[in-house]
Novice: 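The structure that follows is given in the form of structure tokens.
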2 protein chains.
Amino acid sequence: MADNGTVKSTSDSGAHTNTAEGPSKSALKKAEKQAKMASDKAAKAAKQASVAVVGGKKADSELTGITSKKAENFPDWYQQVVLKAEMIEYYNEISGFFILRPASMYIWNVIRKWFQERIEAMDVEEASFPMFLSAKSLEKEKDHVEGFAPELAWVTKAGDKDLEVPVAVRPTSEAVMYPYYSKWIRSHRDLPLKLNQWNSVVRWEAKQTTPFLRAREFLWQEGHTAHLTEQLAGKEVLEILELYAGVYEELLAVPVVRGKKTEKEKFAGGYYTTTVEGYIPSNGRGIQGATSHCLGQNFSKMFDIKVENPDAKPEDVDKHVNVWQNSWGLSTRVIGVMVMIHGDDQGLVLPPRIAKLQAIIIPVGINKNTSPEDKKTHYDTLQKLKDTLKKAGVRSDYDIRDGYTPAWKFNDWELKGVPLRLEFGPKDAAASAVSYARRDTGSKGTFPIASLAIDVSALLETIQKNMYEKAEASFRSHRIIVKEWSEVVPALDSKNVVLIPHCLEEKCEDKIKVLTTGKPDETAGPAEAKVPSMGMKSLCIPFEQPEGIELGKTKCLNPECSADAKEWCMFGRSY
Amino acid sequence: MADNGTVKSTSDSGAHTNTAEGPSKSALKKAEKQAKMASDKAAKAAKQASVAVVGGKKADSELTGITSKKAENFPDWYQQVVLKAEMIEYYNEISGFFILRPASMYIWNVIRKWFQERIEAMDVEEASFPMFLSAKSLEKEKDHVEGFAPELAWVTKAGDKDLEVPVAVRPTSEAVMYPYYSKWIRSHRDLPLKLNQWNSVVRWEAKQTTPFLRAREFLWQEGHTAHLTEQLAGKEVLEILELYAGVYEELLAVPVVRGKKTEKEKFAGGYYTTTVEGYIPSNGRGIQGATSHCLGQNFSKMFDIKVENPDAKPEDVDKHVNVWQNSWGLSTRVIGVMVMIHGDDQGLVLPPRIAKLQAIIIPVGINKNTSPEDKKTHYDTLQKLKDTLKKAGVRSDYDIRDGYTPAWKFNDWELKGVPLRLEFGPKDAAASAVSYARRDTGSKGTFPIASLAIDVSALLETIQKNMYEKAEASFRSHRIIVKEWSEVVPALDSKNVVLIPHCLEEKCEDKIKVLTTGKPDETAGPAEAKVPSMGMKSLCIPFEQPEGIELGKTKCLNPECSADAKEWCMFGRSY
């Protein structure tokens with residue numbers, strides 16, 4: 001557990017390491033001891049995978065792994081993957097809360113580091129504001145509050161005393177931070193002000209929760225910036241959005257569509273919201289990836305954040321101007337999207353760039369008939385292979401757990417999503433080669449030991465690239481331009497999201513949702529097998545617009561709407 | 001604000017940079033523009049320091065800085081330093097909460113990175129548990145709960161609905177985490193389990209709050225580990241304690257005494273608590289630095305965390321054993337201790353290793369009579385000096401804000417605690433030298449430009465070392481061995497902490513506190529000038545014990561105690 005199921009390196013035990021003092025006389029004895037320890041670990045790992053272990057041995061037939069098929073019961077499959085790959089534990093004490101285990105936190109920390117470096121280069125600084133907000137601050141911004149009010153967790157007591165004024169746990173920090181922006185920003189010379197914090201927020205959702213995707217508490221970063229002009233604010237909104245796209249595309253190998261939210265779907269109280277939207281092939285649903293909002297001057301008017309306008313004209317009566325604000329956030333949701341897109345019936349499939357363990361080396365062809373000397377020699381080579389990979393920056397380990405067949409180990413590491421398996425047996429040793437199997441495709445081959453580090457590094461990059469390409473092709477082929485209303489629901493039923501000409505009006509969106517909601521009799525059959533019958537909602541107005549809308553001529557696709565279409569809007573069933 | 005008062009590098013404006021395309025023809029014009037921008041920034045900085053600026057100019061006489069003397073009104077001095085150096089903002093909405101501004105978060109992140117690397121090397125993994133705990137979990141551990149109950153913040157409502165079962169915000173996470181330790185730890189092969197999380201916790205203190213030192217919410221890390229034996233747990237307790245000492249000594253240049261808490265002062269519900277204790281010379285108070293607890297088997301019994309004992313004997317009826325647990329935490333309090341110890345009447349004094357800006361380069365001897373060409377040449381050299389320092393890993397910047405005298409800038413950077421000031425004027429340029437002034441001692445000198453990087457790096461290390469040595473000498477000389485009761489109060493009044501022979505009994509400690517509490521008439525005089533009259537309490541039983549206690553012979557120093565002394569115990573007035 002403590003090492004997240006990764007087989008511990010033996011570098012500190014000395015069993016397979018020739019130390020500076022030379023090979024130890026008792027190296028063989030140590031190797032045996034090491035094997036014993038590894039055996040213990042194996043039993044532990046087996047238990048974690050719900051496999052009965054008898055006397056430290058197990059039969060492959062006992063291996064259960066993921067018992068639902070991704071294509072057949074996607075929700076159950078997902079739940080099993082995040083649980084059995086030890087990413088998540090359900091917090092039984094309070095429903096809707098989850099424990100992020102080390103396998104998740106490693107990924108979140110890779111993302112955090114990547115994003116943090118880039119916003120630092122944009123002169124964004126880190127701050128830490130309190131987790132509570134007072135009812136007073138909340139009241140300043142009605143639209144914003146209305147959006148969050150039903151989900152606010154209220155602290156009303158401290159110890160056994162009632163608080164004079166209850167305080168709410170932040171669902172987001174606009175109302176916590178902006179009174180201080182008002183205090184700190186007194187002159188246009190104080191602009192831009194750019195702060196970010198990494199924290200958790202609480203939204204007491206009534207909807208069903210799902211690990212990573214929707215939880216009552218989640219980790220995120222929230223950036224809050226203030227600028228002198230709309231143009232400066234708008235530029236940053238897009239720079240941040242591009243970083244969010246980068247998290248998905250470059251780290252998680254997940255394609256996203258960049259766009260703008262409709263008025264109906266934008267951030268409560270904001271001016272406009274930009275978004276990166278993802279797509280889950282298994283159920284054809286869209287999913288909001290991350291959002292970068294321009295708040296306009298709405299909050300700065302409520303919170304009285306203004307400066308003397310350096311461009312004021314002599315005739316201006318009021319020479320002050322309210323600042324332009326942005327806020328932007330990326331949450332641990334990204335991890336769930338990644339799991340849903342890449343995982344398969346064997347379990348998790350991790351893109352190499354965010355995998356804690358990129359390559360697992362598994363000895364094969366070692367059995368009861370292998371002499372202790374041969375075994376030791378073979379295991380020593382495993383350490384050398386690992387050292388070689390480490391020098392090349394590849395995060396690898398070897399699995400010398402005793403009492404487990406190679407096939408069992410293969411399954412175990414596949415469940416945990418390790419991108420590359422390296423197999424090494426006496427035959428490989430004789431050929432100075434290492435066999436490999438890719439987690440993403442299952443394809444196999446061999447590498448000469450002489451070029452192992454280069455070959456593995458290159459293959460990991462290829463895997464990263466291929467995983468993205470595969471997901472991108474899937475999203476592309478299920479993002480369909482629809483020009484006839486009658487084609488909309490069939491397209492949704494075939495797990496597509498659709499691009500339709502749309503008037504962008506809120507009421508029309510409401511109507512579209514109703515019109516596309518399936519009737520009960522249309523959705524008969526086993527619950528877990530059927531495509532959701534929910535109505536579709538707008539995902540975004542993509543920045544990349546198809547051609548074909550003639551303003552003033554093309555009508556909104558909604559048959560009950562008589563308005564002109566303004567843009568192509570992406571709609572879909574969604575999370 | 002956005003750049004925390006640091007003068008922005010001009011590298012992106014090109015004003016003082018010879019780019020790859022060669023010096024720009026309009027470089028001079030740009031330099032002027034840059035100066036204008038810098039002037040704006042200066043006005044902003046001045047405003048932050050509460051200095052009136054007229055027409056972008058200011059008179060040195062207007063500079064106020066810290067208006068209380070550290071020796072005269074220490075509490076006010078401290079509050080002014082953390083506010084004016086922009087480390088803290090008071091959260092007026094809810095009392096007892098503080099905003100950590102970028103100047104604080106930079107330091108916390110240096111500490112976080114340093115500590116994180118070291119616990120990773122100990123195979124501690126990161127996790128993230130929910131911020132709430134249920135009343136049910138709390139009830140499992142009575143002693144522990146009693147300690148925290150008065151400070152628990154209770155969420156009783158979500159939206160406008162009452163929760164069926166109220167939940168408390170974690171004051172620490174034992175009761176949140178250990179039900180899962182019980183679930184995850186089923187065999188001795190699952191041990192050790194070592195998890196850490198970086199988060200904030202809430203303790204609704206009734207006592208007066210102080211920035212960093214005591215807040216109702218604070219950032220910290222909390223490590224929670226489980227081991228098979230007392231010995232393994234105990235080994236880790238000390239390893240972590242040594243890392244905590246390292247944060248103070250190596251990063252913050254703050255000396256600490258390592259020791260064990262008495263029964264009275266140990267962690268509620270734990271087995272024993274080890275601690276690093278600091279000392280604030282200005283008021284002679286001790287301050288708990290960070291604690292590493294062995295919880296023993298207390299929690300594992302409550303939460304039913306047990307494994308089959310691998311060393312069980314055939315005759316053992318119960319072959320199970322409860323695991324041995326530790327928990328350990330370090331909070332943002334460390335920053336406050338650092339400020340209190342190193343700061344002076346001019347403001348913050350930062351140890352170089354945790355300073356975001358280690359050296360500030362200030363041009364001198366440039367005035368109205370300087371030709372634009374000479375000014376440009378001089379400013380170009382500033383950029384070169386900065387580049388040279390950057391290559392050597394020194395975090396530096398230059399301050400070319402117009403409209404401010406060098407003396408004003410000196411004061412401004414002193415307030416913010418920058419360890420080293422570099423002055424560079426035409427005379428320095430002619431001599432190929434740079435003048436310097438140390439923030440910690442005020443001592444001055446010159447460096448040849450030829451060896452600038454080496455000299456500055458070396459001096460920064462010297463400053464770090466000297467700051468530690470100075471603080472260490474102060475603590476050492478105020479840590480007094482006292483063998484006569486009559487000397488105790490006078491020693492406290494002289495701002496010492498005392499080492500006394502002690503029986504280690506809780507009741508005796510209570511009595512000692514009463515006996516050493518000053519009477520009202522003894523504490524006349526202006527409130528801010530007097531030494532606190534609070535009674536003393538035990539700080540720790542130092543691991544390094546003086547000689548002189550003969551067990552069964554030496555008596556406890558408390559005149560109303562008849563018990564034998566067990567050890568030398570450090571007592572003091574304390575935070």
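All values below come from the heavy atoms of this structure, side chains included, with hydrogens, waters and symmetry mates left out. Letters A, B, ... mirror the listed sequences (proteins, then strands); counts begin at 1. Values in this document were obtained by computation on a predicted structure and should not be read as measured data.
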Novice: Looking at side-chain heavy atoms only, is the closest gap between A/Asn326 and A/Glu236 below 4.5 Å?
Specialist: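 They are in contact (side-chain heavy atoms under 4.5 Å apart), so the answer is yes.
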Novice: Do B/Leu191 and B/Val307 have side chains that approach each other closer than 4.5 Å (heavy atoms only, starting at C-beta)?
Specialist: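 Yes. Closest side-chain heavy atoms under 4.5 Å.
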Novice: Checking an interface table here. Which of residues 197-205 of chain A come within a heavy-atom distance under 4.5 Å of chain B?
Specialist: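 Listed by number, the contacting residues are A/Ser200, A/Val202, A/Trp204.
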Novice: Can you tell me which portion of A/Phe98 sits under 4.5 Å from chain B's heavy atoms? Options are side chain, backbone, both or neither.
Specialist: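 For A/Phe98, backbone heavy atoms alone lie under 4.5 Å from chain B.
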Novice: Checking B/Tyr90 against chain A: side chain, backbone, both or neither under 4.5 Å from a heavy atom?
Specialist: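 When you check distances to chain A, only backbone atoms of B/Tyr90 fall under 4.5 Å.
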Novice: Kindly indicate whether the side chain of B/Phe212, heavy atoms from C-beta on, has any atom under 4.5 Å from the side chain of B/Ser104.
Specialist: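 B/Phe212 reaches B/Ser104 side chain to side chain.
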Novice: Compare all side-chain heavy atoms of A/Glu239 with those of A/Met122 and state whether any distance is below 4.5 angstrom.
Specialist: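 Yes. Closest side-chain heavy atoms under 4.5 Å.
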Novice: Measure distances from A/Glu217 to the heavy atoms of chain B and classify the residue's part below 4.5 Å as side chain, backbone, both or neither.
Specialist: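 The answer is the side chain of A/Glu217.
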Novice: With side chains defined as the heavy atoms from C-beta onward, is the minimum distance between B/Leu232 and B/Pro192 less than 4.5 Å?
Specialist: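 A side-chain contact under 4.5 Å is absent here.
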Novice: Test B/Leu219 against B/Trp108 for side-chain contact (heavy atoms from CB on, under 4.5 Å), laying out the working first.
Specialist: CA-CA 9 Å; B/Leu219 299 180; B/Trp108 183 240; 4.0 Å; yes
Novice: Go through the atoms of A/Glu93 and report whether side chain, backbone, both or neither lie under 4.5 Å from a heavy atom of chain B.
Specialist: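 Both backbone and side chain.
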Novice: Does anything in residues 159-166 of chain A get under 4.5 Å of chain B by heavy atoms, and if so which residues?
Specialist: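 Those residues of residues 159-166 of chain A which have a heavy atom under 4.5 Å from chain B are A/Gly159, A/Leu163.
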Novice: Any side-chain heavy atom of B/Met131 sitting closer than 4.5 Å to one from A/Val169?
Specialist: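 Yes. Closest side-chain heavy atoms under 4.5 Å.
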Novice: Measure B/Tyr180 against the heavy atoms of chain A and call it side chain, backbone, both or neither at under 4.5 Å.
Specialist: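 Looking at B/Tyr180, just its side chain touches chain A.
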Novice: Under a 4.5 Å heavy-atom cut-off, does chain A meet the side chain of B/Pro150, its backbone, both or neither?
Specialist: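 Interface part for B/Pro150: backbone (N, CA, C, O).
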Novice: Kindly give the heavy-atom pair with the smallest separation between A/Tyr181 and A/Ala226, and that separation in Å.
Specialist: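 Scanning both residues completely, I find the closest heavy atoms to be CD2-CB, 4.3 Å.
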Novice: I'd like to check A/Arg216 versus A/Thr209 (side-chain heavy atoms, cut-off strictly below 4.5 Å). Are they in contact?
Specialist: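 Yes; the side chains approach each other to less than 4.5 Å.
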Novice: In terms of heavy-atom pairs under 4.5 Å with chain B, which of A/Ala158, A/Pro130, A/Ala127 leads?
Specialist: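 If we count pairs closer than 4.5 Å to chain B, A/Pro130 comes out on top.
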Novice: Using a cut-off of under 4.5 Å on heavy-atom pairs, state which of B/Phe129, B/Phe148, B/Tyr91 scores highest against chain A.
Specialist: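 Max contact count across the listed options: B/Tyr91.
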Novice: Heavy atoms only: give me the nearest A/Ile94-B/Ser134 pair and the separation to one decimal.
Specialist: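 Smallest interatomic distance, heavy atoms only, reads CD1-N, 4.3 Å.
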Novice: Return the option, out of B/Thr332, B/Val155, B/Val167, with the maximum number of heavy-atom pairs under 4.5 Å with chain A.
Specialist: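 Of the options given, most contacts go to B/Val155.
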Novice: Is the shortest side-chain N to carboxylate O distance from B/Lys183 to A/Glu89 below 4.0 Å?
Specialist: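 Result for this pair is yes, salt bridge flagged.
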Novice: Any side-chain donor paired with an acceptor under 3.5 Å for B/Asn196 and B/Glu222?
Specialist: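 On atom types as modelled, these side chains do not qualify, holding no pair under 3.5 Å.
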Novice: Would you indicate whether the side-chain heavy atoms of A/Trp184 and A/Asp190 approach each other to under 4.5 Å?
Specialist: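 Contact flag for A/Asp190/A/Trp184 side chains = no.
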Novice: Which answer fits A/Met177, side chain, backbone, both or neither, if we ask what part of it has an atom under 4.5 Å from a heavy atom of chain B?
Specialist: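 No part of A/Met177 comes within 4.5 Å of chain B.
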Novice: Measure distances from A/Leu133 to the heavy atoms of chain B and classify the residue's part below 4.5 Å as side chain, backbone, both or neither.
Specialist: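 Contact with chain B involves both backbone and side-chain atoms of A/Leu133.
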Novice: Measuring heavy-atom distances to chain A, does B/Ala153 have an atom under 4.5 Å in its side chain, in its backbone, in both, or in neither?
Specialist: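 For B/Ala153, heavy atoms of backbone and side chain both lie under 4.5 Å from chain A.
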Novice: Identify which of B/Asn92, B/Leu100, B/Val176, B/Asn109 forms the greatest number of heavy-atom pairs closer than 4.5 Å to chain A.
Specialist: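 Answer, by heavy-atom pair count under 4.5 Å with chain A: B/Leu100.
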Novice: Check B/Lys356 with A/Glu125, please: is the shortest side-chain N to carboxylate O separation under 4.0 Å?
Specialist: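 Yes.
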Novice: If you compare all heavy atoms of B/Trp324 against all heavy atoms of B/Ala233, which two are closest, and at what distance to 0.1 Å?
Specialist: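 Of all heavy-atom pairs spanning B/Trp324 and B/Ala233, the closest is CB-CB, 3.9 Å.
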Novice: Which heavy atom of A/Pro310 sits nearest a heavy atom of A/Leu228, and at what distance?
Specialist: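 Heavy atoms of A/Pro310 and A/Leu228 come nearest at CG-CD2, 3.6 Å.
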